[in-house]
Amino acid sequence: MGAAPTPPAGRPAPRARRPAPNARPLDVRGRMPSVRTVLGLLAALAACGAVAFLGYCVYFDRKRRGDPAIRRRLRDKRRAQQRKAEGPGAQLWDPAKNEKLQELFLQEIRMGQLWLSRGECQLGVEHLSTALLVCGQPQELLKVFKHTLPPQVFEMLLHKIPLICQNPP
């Protein structure tokens with residue numbers, strides 16, 4: 001049992017094979033790793049990564065909740081947003097709460113359009129200026145008027161603005 005088998009007569013002895021230089025790595029038993037083994041390793045790495053990520057999330061959440069400055073910063077941020085909302089750029093009237101003002105606004109716009117279509121520019125400008133006075137966002141309405149009204153009517157409306165601000169209807 002101890003001797004290696006001898007080759008048959010006339011044949012040369014087989015040479016030991018050397019691995020090719022571009023051969024794939026072998027596992028411990030000298031075999032190529034199977035797809036199942038590789039997928040198992042990838043699954044284990046993914047599970048470790050997920051556990052590490054969750055641990056990171058829990059750590060920083062506890063750190064955030066334990067920080068007394070967080071609540072102060074959040075409170076200051078909310079107050080700053082409220083001040084900004086209540087500031088000069090805020091909407092002056094809410095159409096849902098002031099249906100009467102909204103109806104008056106729409107009626108004045110319609111009347112102004114009607115008089116302008118009939119050729120009565122002075123009466124049309126009168127109604128449009130009233131609508132401008134009642135409007136919650138007069139700058140936006142002026143931009144719309146600038147693009148929709150004829151230039152001479154828009155000029156009349158611009159000259160009317162100081163008068164309606166002094167003597168509201």
Side-chain angles (χ1 to χ4, degrees), residues 24-25 27 33-169:
R24 294 189 176 136
D27 67 357
S34 68
V35 173
R36 189 178 214 176
T37 307
V38 171
L39 289 178
L41 283 171
L42 287 175
L45 283 173
C48 289
V51 168
F53 178 73
L54 288 175
Y56 176 80
C57 291
V58 168
Y59 168 75
F60 279 106
D61 185 55
R62 290 182 63 97
K63 185 177 178 182
R64 179 187 61 87
R65 288 180 185 218
D67 187 7
I70 291 286
R71 286 196 177 106
R72 186 176 352 106
R73 278 186 257 146
L74 285 174
R75 187 174 50 241
D76 292 343
K77 185 176 178 181
R78 286 184 192 131
R79 285 182 184 164
Q81 286 176 348
Q82 283 179 346
R83 284 187 207 118
K84 186 177 180 182
E86 294 171 357
Q91 189 174 3
L92 299 177
W93 60 282
D94 184 11
K97 294 179 183 176
N98 299 316
E99 292 178 11
K100 297 283 185 185
L101 281 175
Q102 185 179 14
E103 289 174 19
L104 176 64
F105 171 74
L106 293 175
Q107 178 185 356
E108 292 296 324
I109 293 288
R110 283 189 207 112
M111 291 299 293
Q113 289 175 346
L114 178 70
W115 286 115
L116 288 175
S117 67
R118 290 185 180 172
E120 295 289 334
C121 293
Q122 193 62 32
L123 289 173
V125 168
E126 192 75 33
H127 285 283
L128 291 177
S129 63
T130 305
L132 192 61
L133 181 67
V134 177
C135 180
Q137 297 175 340
Q139 289 84 10
E140 297 297 320
L141 187 59
L142 276 174
K143 288 179 187 175
V144 171
F145 284 160
K146 183 177 183 179
H147 296 292
T148 57
L149 294 176
Q152 70 272 11
V153 175
F154 185 68
E155 286 296 323
M156 290 172 63
L157 183 63
L158 287 180
H159 290 299
K160 185 82 173 165
I161 291 175
L163 298 175
I164 62 169
C165 289
Q166 292 173 358
N167 304 328

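In this chain, residues are counted from 1 in sequence order. Every value quoted in this text rests on a predicted model; they were computed, and no experiment measured them.
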Nearest 0.5 Å please: distance from the [atom1] atom of [X] over to the [atom2] atom of [Y].
X: Leu39; Y: Arg36; atom1: CG; atom2: CZ; value: 10.0 Å
X: Leu123; Y: Leu114; atom1: CG; atom2: CG; value: 10.0 Å
X: Leu101; Y: Cys135; atom1: CG; atom2: SG; value: 10.5 Å
X: Ser129; Y: Met156; atom1: OG; atom2: CE; value: 10.0 Å
X: Ile70; Y: Arg65; atom1: CD1; atom2: CZ; value: 11.5 Å

**Asked** What pairs of residues pass the side chain to side chain donor-acceptor pair (under 3.5 Å) test when at least one of them lies in residues 104-116, not counting sequence neighbours?
**Response**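 For residues 104-116: Glu108-His127.
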
**Prompt:** Is the number of heavy atoms from other residues, nucleotides or ligands under 6.0 Å of Arg75 CZ greater than 12?
**Reply:** yes

**Prompt:** Looking at Asp61 and Arg64, does any basic side-chain N land under 4.0 Å from a carboxylate oxygen?
**Reply:**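 A salt bridge is present here (some side-chain N lies under 4.0 Å from a carboxylate O).
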
**Arg72 bridged to Asp67 by N-O distance under 4.0 Å** =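 No, Arg72 and Asp67 are not salt-bridged.
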
What donor-acceptor contacts under 3.5 angstrom involve side-chain atoms of residues 138-154, with partners at least two apart or in another chain?
from: Thr148; atom 1: OG1; to: Val144; atom 2: O; distance (Å): 2.8

**Request:** State, with a plain yes or no, whether a side-chain heavy atom of Leu132 is found less than 4.5 Å away from one of Leu128.
**Result:** no

**Worked check of side chain to side chain contact (heavy atoms under 4.5 Å, CB included) between Glu126 and Lys160** = CA-CA 8 Å; Glu126 192 75 33; Lys160 185 82 173 165; 2.9 Å; yes

